[in-house]
Amino acid sequence: MTADMTIPMDFEKARFLMVEQQIRTWEVLDQTVLDLLFTVKREDFVPAAYRALAFVDMEIPLGHEQSMMSPKMEARIVQEAAPAAHERVLEIGTGSGYLTALLAKRCDRVTSIEYFDEFSREAATRLATAGIHNVDLKIGDAAESAHDVLGIHERFDVIVLTGSVPLLPSGFLDCLNLHGRLFAVVGDAPAMRATLMTKTGDATYSSTDLFETVLRPLINAKQPSRFHF
């Protein structure tokens, strides 16, 4: 008789190592964000086939040629966007629902728009199982503006684009409240920069370059005119 040598994965140890070795070393030092990573169980938002890789420094496939961002990227977004308890957040690209859950734990309410209805349905189940109910999930193409899905009167305090854009569409800036922040990864690979835009007046904004990275493009992101030789 052969003994079963399967050793169950120690998720809590793996989570601790993820935070200490990947996330803290990538300049995520806000203790409230680090604590949140222990509260929202990332493995519960990863497709079952990849659950053992939930804490690895990699993007995890979701299907439809889309992927879940690396843990350090998700944590850095929450830190830089810094949603407050009274604020409303708009997320473009629900994906697995994990970043949605992190944002929801920090703010009053999240509206998340997803291109693929399959992803949105799966995220709804995961969020409900995690006991997170302050999220409104929408399905549609919001590549250039949330107004295309939500209407022209919706405004938010924080907007997060979970896919990169070659140029930042002005339609997203129009959705910000005064002092609102927009996180986006802007540019073409391999020269992309994470950027935080803050609305400072009726039609004025400040821009802060945060770090260099590469992120999968947002579906149907508007392309600039290209020179061809």
Side-chain angles (χ1 to χ4, degrees), residues 59 61-70 73-74 76-78 80-81 83 88-100 103 110-120 123 135-229:
E59 295 183 356
L62 295 174
H64 299 290
E65 299 183 345
Q66 303 302 304
S67 58
M68 190 174 178
M69 287 183 285
S70 67
M73 185 68 173
E74 293 159 332
R76 190 72 183 269
I77 289 173
V78 178
E80 302 300 344
R88 296 181 66 221
V89 174
L90 172 65
E91 178 187 43
I92 305 299
T94 311
S96 72
Y98 178 65
L99 180 58
T100 317
L103 294 168
V110 175
T111 298
S112 185
I113 302 175
E114 173 54 52
Y115 184 85
F116 296 104
D117 56 357
E118 173 189 345
F119 288 175
S120 189
V135 175
D136 296 315
L137 297 177
K138 306 291 185 181
I139 299 169
D141 186 350
E144 295 189 34
S145 172
H147 289 162
D148 296 337
V149 178
L150 303 177
I152 63 173
H153 299 298
E154 290 283 350
R155 294 290 185 274
F156 299 88
D157 304 294
V158 173
I159 299 175
V160 173
L161 308 188
T162 66
S164 64
V165 288
L167 297 173
L168 185 61
S170 61
F172 291 116
L173 297 174
D174 295 340
C175 295
L176 283 175
N177 287 324
L178 184 62
H179 308 304
R181 289 89 62 205
L182 167 64
F183 176 94
V185 174
V186 182
D188 293 308
M192 297 182 181
R193 294 199 65 84
T195 302
L196 190 71
M197 301 287 295
T198 302
K199 187 170 185 177
T200 56
D202 288 342
T204 58
Y205 305 87
S206 65
S207 176
T208 303
D209 285 341
L210 300 171
F211 53 90
E212 294 182 355
T213 189
V214 174
L215 189 64
R216 190 180 297 269
L218 197 67
I219 293 174
N220 293 334
K222 185 177 182 179
Q223 298 294 316
S225 298
R226 312 277 188 179
F227 287 103
H228 298 282
F229 297 94

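- Among residues at least two apart or in separate chains, side-chain hydrogen bond (donor to acceptor under 3.5 Å, both in side chains) pairs with a member in residues 136-146 are Arg109-Asp136, Asp141-Asn220.
- With sequence neighbours left out, Asp117 forms a salt bridge (Lys or Arg N to Asp or Glu O under 4.0 Å) with Arg121.
- Taking all atoms of both residues into account, the shortest heavy-atom contact from Glu59 to Val214 is OE2-O, 4.3 Å.
- With a 4.5 Å cut-off on side-chain heavy atoms, Leu150 and Ile113 count as touching.
- Among residues at least two apart or in separate chains, there is no salt bridge (Lys or Arg N to Asp or Glu O under 4.0 Å) pair with a member in residues 214-224.
- Annotation: salt bridge (Lys or Arg N to Asp or Glu O under 4.0 Å) contacts of Arg181 (sequence neighbours excluded): Glu87.
- Between Asp188 and Pro166, the shortest heavy-atom contact is OD1-CB, 3.8 Å.
- For the atom pair OG1 (Thr204) and CG (Leu173), the distance works out to 11.0 Å, reported to the nearest 0.5 Å.
- The salt bridge (Lys or Arg N to Asp or Glu O under 4.0 Å) check on Glu114 picks up nothing, with sequence neighbours excluded.
- Within the structure, no pair that satisfies the salt bridge (Lys or Arg N to Asp or Glu O under 4.0 Å) test touches residues 164-173, not counting sequence neighbours.
- For the pair Leu168 and Thr195, the minimum side-chain heavy-atom distance is 4.5 Å or more.
- Pro83 and Val158 make their closest contact through CA-CG2, 4.1 Å (heavy atoms, listed as atom of the first residue, atom of the second, distance).
- Rounding to the nearest 0.5 angstrom, the gap separating the CD atom in Glu118 from the CD1 atom in Ile139 is 11.0 Å.
- Closest heavy-atom contact between Ala123 and Gly95: CB-O, 4.1 Å.
- Under the side-chain hydrogen bond (donor to acceptor under 3.5 Å, both in side chains) criterion, the residue pairs touching residues 157-167 are Asp157-Asn177, with sequence neighbours excluded.
- Not counting sequence neighbours, the partners of Thr213 by the side chain to side chain contact (heavy atoms under 4.5 Å, CB included) test are Met73, Val185, Phe211.
- Sorted by first and then second residue, the ring pair (Phe, Tyr, Trp, His ring centres under 6.0 Å) pairs involving residues 168-210 (not counting sequence neighbours) form an empty list.
- Checking each of Leu90, Leu99, Thr100 against Val110 for a side-chain contact (heavy atoms from CB on, under 4.5 Å) leaves exactly one that passes, namely Thr100.
- A search for ring-ring contact (aromatic ring centres under 6.0 Å, His included) contacts involving Phe116 returns His64, Phe119, not counting sequence neighbours.
- Residues Ala146 and Ala142 come closest through the heavy atom pair CA-CB, 4.3 Å.
- With contacts defined as side-chain heavy-atom distances shorter than 4.5 Å, the pair Leu176/Ile159 qualifies.
- Considering every non-hydrogen atom in both Leu62 and Ser96, the closest pair reads CD1-N, 3.8 Å.
- In terms of the salt bridge (Lys or Arg N to Asp or Glu O under 4.0 Å) criterion, Asp174 has no residue partners (sequence neighbours excluded).
- Proximity of Cys175 to His147: side-chain heavy atoms (C-beta onward) are separated by under 4.5 Å at one or more points.
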Could you walk me through whether Ile219 and Gln66 pass the side-chain contact (heavy atoms from CB on, under 4.5 Å) test, one step at a time?
CA-CA 9 Å; Ile219 293 174; Gln66 303 302 304; 3.8 Å; yes

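- Legend: salt bridge (Lys or Arg N to Asp or Glu O under 4.0 Å) pairs involving residues 204-214, not counting sequence neighbours, sorted by first then second residue: Arg193-Asp209, Arg193-Glu212.
- Looking only at side-chain heavy atoms (C-beta outward), Val186 and Leu161 stay at 4.5 Å or farther from each other.
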